[in-house]
Amino acid sequence: MVKDLSLAERTKSMTMTCAEGRYILVAGGAGYIGSHAVIALLERGYQVLVVDDLSTGRRELLQPGCSLEEGDLGDPEFIRGVFARYPVAAVMHFAAFSIVPESVSDPVKYYRNNVAKTVTLLDAMLDAGCKVFILSSTAAVYGEPERTPIEEGMPTRPTNPYGRSKLMIEQILADVAAARPLHYTSLRYFNAAGADPGLRAGELHEPETHLIPIILQVAAEIRPSVTVFGTDYPTHDGSCIRDYIHVTDLAEAHLLALDHLLGGGSSGVYNLGNGTGFSVLEVIETARRVTGRKVHLVEGPRRPGDPAVLVASSARIARDLGWRPRHQELEQIIDTAWRWTLSR
Ligand code: UFG
């Protein structure tokens with residue numbers, strides 16, 4: 001009897017066959033978003049090879065069941081050796097520096113790490129015969145948008161070296177794909193937040209600069225207060241509006257992109273957000289409700305380079321890849337991050 005498989009199941013079994021016996025190389029798999037992608041890959045039965053220099057990645061975020069090659073992606077000898085030792089079906093590339101103010105004060109660090117090392121990785125990968133690449137990109141490629149929700153075809157005018165470094169990689173990918181057999185997906189994340197609901201991974205930055213973990217550290221009495229960067233923006237309450245997306249939903253998008261590309265799908269660039277914006281003050285209020293704790297806030301000046309409103313249209317990835325977020329509610333996002341904070 002022929003089993004009646006859904007389209008998703010057929011695609012999955014087909015692409016698993018494409019990857020059979022081969023690894024998915026996760027560059028930066030010991031980082032915040034990379035570790036969640038590793039969880040998703042392992043759950044689907046993929047063999048996972050993490051390549052990480054553990055400079056910002058954390059050993060405790062490495063997932064049981066994956067292999068690790070510790071080293072520098074930008075070292076051609078090292079990365080070529082990795083491709084020589086492991087058969088790799090696809091690369092997911094999360095390894096990058098991502099602190100916007102640091103990118104302004106030390107742009108060379110960002111162009112070297114985010115751009116130059118990616119070129120070395122791409123070259124080694126293509127020489128080894130691996131053709132599939134998934135990039136962590138960012139809403140920062142848009143800069144100050146003309147309107148929201150932001151669609152992929154809108155102008156890309158990054159306002160800082162971090163955003164520019166990611167846009168440069170996107171442009172390099174397009175050029176390389178025109179010249180060599182490369183199939184890629186670039187995923188432009190809006191504000192990644194939350195933690196694996198099973199608490200196998202979560203946000204662990206040092207120093208922490210992101211809003212939700214900082215608020216939760218205040219709730220947990222690890223910090224005295226959170227400073228609201230700007231209360232005079234042209235928004236309903238004067239604070240900045242962002243589109244927060246659960247990290248597990250981001251990880252799921254990588255799996256869909258992988259299935260798509262391994263199944264012979266074409267290259268593409270996609271936004272990833274929930275399409276709903278929350279102001280900084282609303283996030284703080286929601287965190288108070290979710291945690292039942294006090295969160296002391298201090299009003300501060302604007303942080304340079306912060307656009308007032310960043311909200312995504314994710315219609316393209318929903319249409320092309322069938323992506324549907326499963327942890328859309330801000331309460332859910334904060335709840336998982338809170339349980340992660342308490343578990344540390
Ligand atoms: N914020 C505060 N106080 C804080 C920290 C943040 O008010 O202590 C505000 C920021 O000004 C911003 C919002 O909270 O309005 C979110 O800030 P995050 O630092 O958490 O995130 P960003 O929106 O600055 O950055 C995210 C990604 C970057 C990416 C950027 C795209 O982390 O990698 O989106 O704009 F570049």
Side-chain angles (χ1 to χ4, degrees), residues 28 31-34 56 94-104 107 110 113-114 135-145 148-150 154 156-170 186-194 203-205 207-219 222-247 250 271-274 277-287 295-312 330 333-334 337:
Y32 172 43
I33 303 172
T56 56
F94 298 90
F97 292 139
S98 61
I99 300 176
V100 170
E102 184 186 51
S103 79
V104 175
Y110 277 68
N113 190 72
N114 295 2
L135 174 72
S136 289
S137 189
T138 171
V141 298
Y142 294 109
E144 186 78 54
T148 59
I150 302 172
M154 285 168 59
T156 44
R157 291 186 288 237
T159 53
N160 53 64
Y162 167 65
R164 249 187 306 279
S165 73
K166 291 287 184 173
L167 185 59
M168 284 177 187
I169 304 169
E170 288 195 0
S186 179
L187 299 173
R188 295 176 175 168
Y189 315 152
F190 282 61
N191 286 63
E203 205 160 357
L204 271 186
H205 294 122
E208 189 52 77
T209 61
H210 293 109
L211 181 65
I212 291 179
I214 287 177
I215 292 172
L216 295 177
Q217 287 177 3
V218 178
I222 298 165
R223 283 176 195 253
S225 62
V226 53
T227 302
V228 178
F229 296 145
T231 50
D232 60 348
Y233 283 98
T235 60
H236 65 279
D237 63 17
S239 64
C240 282
I241 292 179
R242 293 287 181 275
D243 183 342
Y244 295 89
I245 171 163
H246 198 283
V247 63
L250 284 184
N271 286 341
L272 277 172
N274 280 316
F278 292 93
S279 72
V280 172
L281 293 173
E282 286 167 343
V283 175
I284 294 173
E285 200 41 53
T286 308
V295 177
H296 182 58
L297 69 84
V298 175
E299 293 188 2
R302 292 183 179 196
R303 189 173 63 176
D306 267 345
V309 182
L310 286 176
V311 177
L330 184 61
I333 294 173
I334 294 180

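Just so you know, residue 1 is the first one in the sequence shown, and it goes up from there. Just so it is clear, the values below take in all heavy atoms, side chains as well, and ignore hydrogens, waters and symmetry mates. For ligands, and for the atoms within them, numbers begin at 1 and follow the listed sequence. Keep in mind that this is a model prediction, so the values were computed, not measured.
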Residues two or more places apart in sequence or in another chain: which of them pass salt bridge (Lys or Arg N to Asp or Glu O under 4.0 Å) with R223?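 In terms of salt bridge (Lys or Arg N to Asp or Glu O under 4.0 Å), with neighbours along the sequence ignored, R223 is linked to no residue.
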
Which residues share a salt bridge (Lys or Arg N to Asp or Glu O under 4.0 Å) with E170, sequence neighbours left out: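 Per chain and number, E170 pairs via salt bridge (Lys or Arg N to Asp or Glu O under 4.0 Å) with R188.
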
Under 4.0 Å from ligand 1, counting heavy atoms only: the protein residues, by chain and number: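 Ligand 1 is contacted, at a heavy-atom distance under 4.0 Å, by S98, V100, T138, A140, Y162, N191, T209, H210, L211, I214, T227, V228, F229, C240, R242, Y244, V280, R303, D306, L310.
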
Report the relative orientation of the aromatic rings in H205 and Y32; use parallel for angles under 30°, tilted for 30 to 60°, perpendicular for over 60°. perpendicular

Mind checking whether Y142 and F190 have parallel, tilted or perpendicular rings, split at 30° and 60°? tilted

Selection residues 229-240 - residue pairs positive for salt bridge (charged side-chain N to carboxylate O under 4.0 Å, His left out), sequence neighbours left out: D232-R302

Are side-chain heavy atoms of D306 and R242 found at a separation under 4.5 Å? yes

